[in-house]
Amino acid sequence: QNGEKIHHRGIRPVHIFVTADRRGKYHVKLGGFETAKVESDSVYIKTVGINAKEKMETNCFIPLEVRNKDIDELQGIDWEKVDVYSMAVLLLYCLDRKEVADTIDEGVFYDYFSDEFCDVLCDILMNSINEKPSLEELEKALEKELKSIRER
């Protein structure tokens, strides 16, 4: 909103909160914003980069190419695509925890989703940061997959 974007930069299972209401509906909230980066068109907001880098180095939900960079090399990273990667790995983690490590076996997705959606997820996991789909592209693919699942 208002030209501001928040990039979490630390999405992982401990930051996802799921609760059920009395009607059996689930609500999901995201927490743990200590490494978040806020981008604003109207005001400069400083990010504490060294703290973010320290937390990223051991977070398997962050792309390896980002974890391996020095703090100075993180300037200009497309953090939205880092968060997209984190969400894809989180999905894999929900399906099969043992598949989440430095080497990711995206083949697990093919047991659960359409080939088209699996291709999107594989693009997220296997491509470099600049080639990963945007959050908007992931959202569209998710909506299409959800519609397909409901029609089955």
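Computed from heavy atoms alone, side chains included, the values below leave out hydrogens, waters and symmetry copies. We count residues from 1, following the sequence as given.
- The neighbour count for E143 CD, taken as heavy atoms of other residues, nucleotides or ligands under 6.0 Å away, is above 12.
- Sorted by first and then second residue, the ring pair (Phe, Tyr, Trp, His ring centres under 6.0 Å) pairs with a member in residues 120-152 form an empty list; sequence neighbours excluded.
- Contact between C60 and V89 at its shortest, heavy atoms only, is O-CG1, 4.0 Å.
- With sequence neighbours left out, the side-chain hydrogen bond (donor to acceptor under 3.5 Å, both in side chains) criterion links D115 to no other residue.
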Evaluate side-chain contact (heavy atoms from CB on, under 4.5 Å) for E39 paired with E4, printing each intermediate quantity in order.
-> CA-CA 5 Å; E39 293 179 359; E4 294 177 350; over 6 Å; no

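- Between the CG atom of L146 and the CD atom of E151 there is a distance of 10.0 Å, given to the nearest 0.5 Å.
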Which is it for M87 and L138 under the side-chain contact (heavy atoms from CB on, under 4.5 Å) test, yes or no, and what are the steps along the way?
-> CA-CA 10 Å; M87 289 186 288; L138 174 60; 4.0 Å; yes

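- Side chains of V66 and N68 form no contact here, defined as non-hydrogen atoms less than 4.5 Å apart.
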Quick one: do Y85 and N127 satisfy side-chain contact (heavy atoms from CB on, under 4.5 Å)? Show the steps, please.
-> CA-CA 10 Å; Y85 175 90; N127 289 340; over 6 Å; no

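- The side-chain heavy atoms of L92 and F61, taken from C-beta on, include no pair separated by under 4.5 Å.
- The hydrophobic clustering, which links ILVMFWY residues whose side-chain heavy atoms are closer than 4.5 Å, places Y26 and L142 together.
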Starting from the C-alpha separation in whole Å, work towards a yes-or-no answer on side-chain contact (heavy atoms from CB on, under 4.5 Å) for E34 and H15.
-> CA-CA 11 Å; E34 68 272 6; H15 292 151; 4.0 Å; yes

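- Residues K37 and I6 fail the side-chain proximity criterion, which asks for heavy atoms closer than 4.5 Å.
- Here the OG atom belonging to S86 is positioned 12.5 Å from the CG atom belonging to L91, to the nearest 0.5 angstrom.
- No side-chain heavy atom of V38 sits under 4.5 Å from any side-chain heavy atom of K5.
- Applying side chain to side chain contact (heavy atoms under 4.5 Å, CB included) to K81 and the options D78, D83, I77 leaves one that passes, D78.
- Screening residues 125-152 for ring pair (Phe, Tyr, Trp, His ring centres under 6.0 Å) gives no qualifying pairs among residues at least two apart or on separate chains.
- Every pair passing ring pair (Phe, Tyr, Trp, His ring centres under 6.0 Å) that includes a residue from residues 104-149 is listed here, sequence neighbours excluded: F113-F117.
- E137 meets the side-chain hydrogen bond (donor to acceptor under 3.5 Å, both in side chains) test with S134; sequence neighbours excluded.
- You'll find the side chain of L30 reaches within 4.5 Å of the side chain of H8, heavy atoms only.
- Here the CG atom belonging to D111 is positioned 9.0 Å from the CG atom belonging to D96, to the nearest 0.5 angstrom.
- Smallest separation of non-hydrogen atoms from A88 and I124: CB-CG2, 3.5 Å.
- Evaluation of the side-chain hydrogen bond (donor to acceptor under 3.5 Å, both in side chains) rule for K144 yields E116 as partners, not counting sequence neighbours.
- When the side chains of ILVMFWY residues are joined at heavy-atom separations under 4.5 Å, either directly or via intervening members, V18 and F33 end up in a single hydrophobic cluster.
- Between the side chain of D21 and the backbone N or O of G24, at least one donor-acceptor pair lies under 3.5 Å.
- Residues N59 and R12 share a closest heavy-atom pair of ND2-NH1, 3.3 Å.
- R9 contributes no side-chain N or O that, together with a main-chain N or O of W79, makes up a donor-acceptor pair within less than 3.5 Å.
- In plain terms, the two heavy atoms of P133 and V84 that are nearest each other are O-CG1, 3.8 Å.
- Salt-bridge annotation for E65 and K69: absent, with no side-chain N of the basic residue lying under 4.0 Å from a carboxylate O of the acidic one.
- Residues V28 and F17 are not in side-chain contact: their nearest non-hydrogen atoms beyond the backbone lie 4.5 Å or more apart.
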